[in-house]
Amino acid sequence: MAWKRFAGHKAALVCSAILGFLVLAVVLSPLTTRYGVNESVKAPPNSYLSPSKLAWLGTDDIGRDLYSRLIYGTRVSLLIGLFSAFISVFIGCVVGAVAGFRGGRFDDVIMRITDLFLAFPFLVALLVVRNMFGSIGWLTFIIGDVSSLRFIIFLLSFFGWMGVSRIVRGQVLALKEREFIEAARASGASRSYIIKRHLLPNSIGPIMVALTFSVVGAISGEATLSFFGYGPQPGAGATSLGLLVGQAKGAVQTGYWWIALFPCLVLVVISLCINFIGDALRDATDPRMDAGK
Amino acid sequence: MFRFALRRSAWAIPTLLLVTFLVYIALRMGTDPLASYMRSNPRATRSKIAQYKELNGLGSNYVTGYFSWLKNFVTFNWPKSIKGSREVWPELKDAIANSARLGAAATAVGVVVGLAIGIFAALRPGGKRDVAVNTAAFVGISIPPYISSILLQLLFAVYWSKWFGNTLFPTSGVYPPGQEGFDLVLMIKHMALPTVVVAIQVIAVYSRYMRSSLLDVLNSDYMRTARSKGLSEFRVLMRHGVRNALIPVITIAALDIGAIVGGLIITENIFDYPGTGKYFLSAFGNGDFPLLMPLMVIIVASVLLFNLIADISYAILDPRIRLD
Amino acid sequence: MSDSVLQIRDLRVTFNTQMGELRAVRGVDVDVAPGKILGVVGESGSGKSVSFLAAMGLLPKSASISGSVMLDGQELIGAKKKFVRSVRGRLLSMVFQDPLSALNPVHRVGDQIVEMIQSHQDMSTHDAQKRAVQLLEIVGIPQPDERALQYPHEFSGGMRQRVVIAMAIANDPKVLIADEPTTALDVTVQAQILEVIQTVQQRFGTAVVLITHDLGVIARVADSVNVMYAGRNVESGSVQSMFDHPSHPYTRGLLSSLPHEGVERLQPIAGFPPNMLAPPPGCGFAPRCAFATDACSAELPALRQFDDLLTSCIRAEDLRIRSNS
């Protein structure tokens with residue numbers, strides 16, 4: 001039923017196809033790229049070549065193939081997006097479920113904190129907390145220093161769980177009101193049984209939706225940080241979408257349009273596709289839609 | 001109403017203190033204010049360093065340190081910036097004025113256009129224009145402000161002048177270099193592109209909120225009652241539909257102030273616009289604690305202020321909210 | 001020319017749905033005498049509400065409407081939108097089923113009445129406010145001048161329904177349509193609301209159409225009855241005759257399912273109403289009717305005079321002989 005509705009969402013199907021194509025290109029990356037990430041195009045002079053047969057999407061300042069670098073960069077960005085989305089959703093589920101079930105003081109405090117974080121300018125909070133975490137010795141020992149991928153994933157997860165926890169908390173509160181939970185309680189079911197049998201199946205839709213939006217959030221979070229020079233430095237010329245978009249800033253005034261356009265395009269296409277998919281998932285799993293149609 | 005506002009603002013003060021305390025800790029740990037100072041002033045005398053530590057509340061204890069910073073802050077005994085040893089307030093004041101102007105323009109444009117588009121889409125749910133608006137809103141949400149900034153810059157800074165031989169919208173600053181005094185036309189021209197960038201975000205968000213909120217309202221019984229009175233469709237829509245649909249939109253709007261400020265920070269940096277965003281990133285880059293703390297206080301205070309305004313307007317718009 | 005203030009002839013309403021054409025109303029005739037109360041009774045889905053929403057022009061655009069609705073000699077179906085709007089709330093007004101959701105929660109009760117007055121009369125706001133307070137008093141709301149300044153959520157369900165009635169009669173309409181005005185209310189409050197409606201009818205000579213599925217309500221206040229089933233009239237006439245000697249098996253079923261003293265809700269008759277996406281070619285009640293013959297299912301029976309009633313049952317004569325013997 002839900003799947004049928006999702007399939008009926010044409011835009012989401014097209015987006016899934018585009019995204020699938022991109023993911024495939026990234027997964028098969030040594031096969032799909034034409035040059036190494038740090039390799040120059042073999043045609044001197046090779047810097048700032050405009051798009052041609054030689055370099056499909058042109059080259060950058062030191063003659064590296066933009067097309068190949070985009071695929072490597074997308075790989076890093078998707079990795080960051082997926083990892084931190086999963087961690088965020090996991091933390092969010094746990095905190096939201098506990099807050100919803102426990103209620104009381106714990107619930108109040110958690111919700112106050114999420115409110116505060118959601119209201120605070122994201123970039124400011126991200127940068128300040130980034131530096132604070134980076135200064136804590138034992139923490140950087142575990143999650144790596146500020147320029148590592150692990151650190152960025154941790155940082156983005158730290159900010160990512162709040163939206164999810166709100167959703168899960170809402171689900172728990174709604175479920176608590178419903179009779180079948182009461183019935184399960186009355187028949188002596190344990191809390192973990194209730195969570196497993198009733199809460200999870202009912203929340204899986206909203207959680208999936210939250211997951212897709214978390215991926216977008218993390219990818220654009222990384223891109224924002226990188227854009228201002230506070231992102232990961234994957235080392236050895238490796239790159240990310242954010243770093244590539246960051247180079248676009250300088251390219252604008254000089255008129256090397258491809259350096260600005262293509263990384264931006266890839267980033268926008270990815271977030272647009274995931275957003276559309278998330279929206280279609282929301283429509284497809286919304287129980288209200290069953291009653292409506 | 002007045003007592004309600006008073007009680008809410010009374011709550012805001014402890015929150016402000018708590019959050020600024022947390023920010024104080026985070027910044028002390030993250031920017032290492034003492035090291036930054038030593039880097040800029042390698043030959044500072046011992047008494048200069050002691051004075052710097054005293055003014056910024058950089059004692060070894062975070063709690064007492066915070067309170068000595070707070071005492072200096074509220075008595076307007078502000079330390080000078082690390083870089084260039086400048087007075088902080090004049091700089092901050094200008095940055096806030098510029099940002100507020102940009103933010104207000106973008107919010108005004110964004111809210112008006114966004115609400116109008118949302119209403120327009122909700123009138124025929126599932127129709128062609130609804131789908132078009134929905135898709136456009138998605139594209140708007142999916143384009144981060146730095147990307148729309150870059151694309152607009154590419155278009156106007158590079159190609160417009162190439163094609164038409166003039167500069168329609170300048171892509172940096174508030175005034176051209178060397179401009180003295182106030183010039184409204186120049187200012188608007190400079191503000192146009194960054195305003196568009198921030199407004200796009202606001203439009204994308206508000207049109208969707210308004211659409212879904214209005215759709216809920218349009219299906220309610222009192223809309224039918226209003227029609228049964230023989231009112232014109234326009235009056236039914238505005239006085240009974242939009243008026244009620246605005247209530248949930250207002251609450252969400254308060255949460256959005258953070259997003260707008262965030263958008264400003266990014267946009268200002270790209271357009272080289274001398275607002276708080278540029279101020280923040282350069283101060284943050286230099287680890288300039290004396291510049292950062294007052295800005296943080298302003299940001300936190302404005303977030304709380306807008307929450308307060310939203311709470312109050314919510315209570316005004318919806319009589320069902322109990323004020324006590 | 002009849003002496004009806006509201007005359008409906010051969011009204012048909014079809015909804016275009018995803019599943020096909022839903023024929024909610026299939027040729028309904030109604031006559032409302034000036035200053036009288038007409039009860040319209042039927043199960044939910046019988047088309048009774050839809051018929052009058054169509055007369056008010058309040059159906060969604062997906063509905064196609066044909067037939068004739070004459071109000072005070074003026075045709076409403078197919079009339080200019082602006083004209084219909086000027087009639088709505090002035091000559092013809094409506095009270096809805098659920099008073100809890102019929103009022104806009106964000107406007108003061110008095111203002112909602114003022115809006116009704118000013119949309120049809122050129123009256124200053126001050127005068128309109130005075131009139132609103134007066135109306136609230138007429139429908140029996142204590143301290144009307146204070147209550148006018150309150151919001152709907154400060155009123156109980158019964159009080160809100162009084163407000164809706166006050167609003168509906170603000171412009172002295174010729175006809176007041178009350179669509180199940182008491183269904184959502186407590187039993188004790190129901191009687192009060194019916195009294196308010198009767199007061200209005202007697203004091204201002206307003207004709208009332210009282211839509212209900214509660215025969216007890218009809219018996220208490222109505223002058224004449226119109227029984228509807230599957231989008232058609234099955235029987236109409238005076239309350240007296242209808243309760244005394246009903247001619248249609250459906251009406252008999254309704255009456256015999258009435259419990260005696262106490263609860264006056266309808267007990268359902270065995271079987272279900274027909275699917276209105278594909279209504280049967282003959283009498284809609286035939287599949288559930290104990291007296292049905294092949295002729296009943298052959299073609300739609302027309303409404304005809306039988307004694308002092310109008311009936312659509314082709315076997316009315318046979319059935320009377322049988323019940324007498």
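Throughout, a chain's letter reflects where its sequence line sits, starting with A, and its residues are numbered from 1. No experiment lies behind these values; they were computed from the predicted model shown.
Within a 6.0 Å sphere centred on CE of Met208(A), other residues, nucleotides and ligands contribute 12 heavy atoms or fewer. Crowding of Phe164(B) atom CZ: a count of heavy atoms from other residues, nucleotides or ligands under 6.0 Å exceeding 12. Within 6.0 Å of the CZ atom in Arg124(B), the count of heavy atoms belonging to other residues, nucleotides or ligands does not exceed 12.
When heavy atoms are compared at a cutoff of 4.5 Å, Phe280(B) approaches chain A solely by way of its side chain, counted from C-beta outward. Both the backbone and the side chain of Thr135(B) have a heavy atom closer than 4.5 Å to some heavy atom of chain A. With a 4.5 angstrom heavy-atom cutoff, Leu151(B) touches chain A only via side-chain atoms. With a 4.5 angstrom heavy-atom cutoff, Leu265(A) does not touch chain B via any of its atoms. Using a 4.5 Å cut-off between heavy atoms, Ala125(A) does not touch chain B at all. Neither the backbone nor the side chain of Val131(B) comes within contact range of chain A; no heavy atoms are under 4.5 Å apart. When heavy atoms are compared at a cutoff of 4.5 Å, Val128(A) approaches chain B by way of both its backbone and its side chain. With a threshold of 4.5 angstrom between heavy atoms, Tyr230(A) approaches chain B through side-chain atoms but not through N, CA, C or O.
Of the N and O atoms on the side chains of Thr20(B) and Tyr66(B), at least one donor lies less than 3.5 Å from an acceptor on the other residue.
Taking the six-membered ring for Trp, Phe156(B) and Trp160(B) have ring centres closer than 6.0 Å.
Screening residues 269-280 of chain A for side chain to side chain donor-acceptor pair (under 3.5 Å), with sequence neighbours left out, gives Asn275(A)-Ser142(B), Asp279(A)-Arg282(A).
Highest contact tally toward chain B, considering only Leu261(A), Leu126(A), Leu267(A), Val216(A), is held by Leu267(A) [criterion: heavy-atom pairs under 4.5 Å]. In terms of heavy-atom pairs under 4.5 Å with chain B, the best-connected choice from Gly134(A), Ser220(A), Ala223(A) is Ala223(A). When Leu27(B), Ile150(B), Leu304(B), Val19(B) are compared by the number of non-hydrogen pairs under 4.5 Å with chain A, Ile150(B) comes out ahead. Between chain B and the options Val129(A), Leu123(A), Val245(A), Leu272(A), the largest number of non-hydrogen pairs under 4.5 Å is found for Leu272(A).
Gly287(B) approaches Thr31(B) most closely through the heavy-atom pair CA-CB, 4.0 Å.
Looking at residues two or more places apart in sequence or on another chain, you find no salt bridge (charged side-chain N to carboxylate O under 4.0 Å, His left out) involving Asp32(B).
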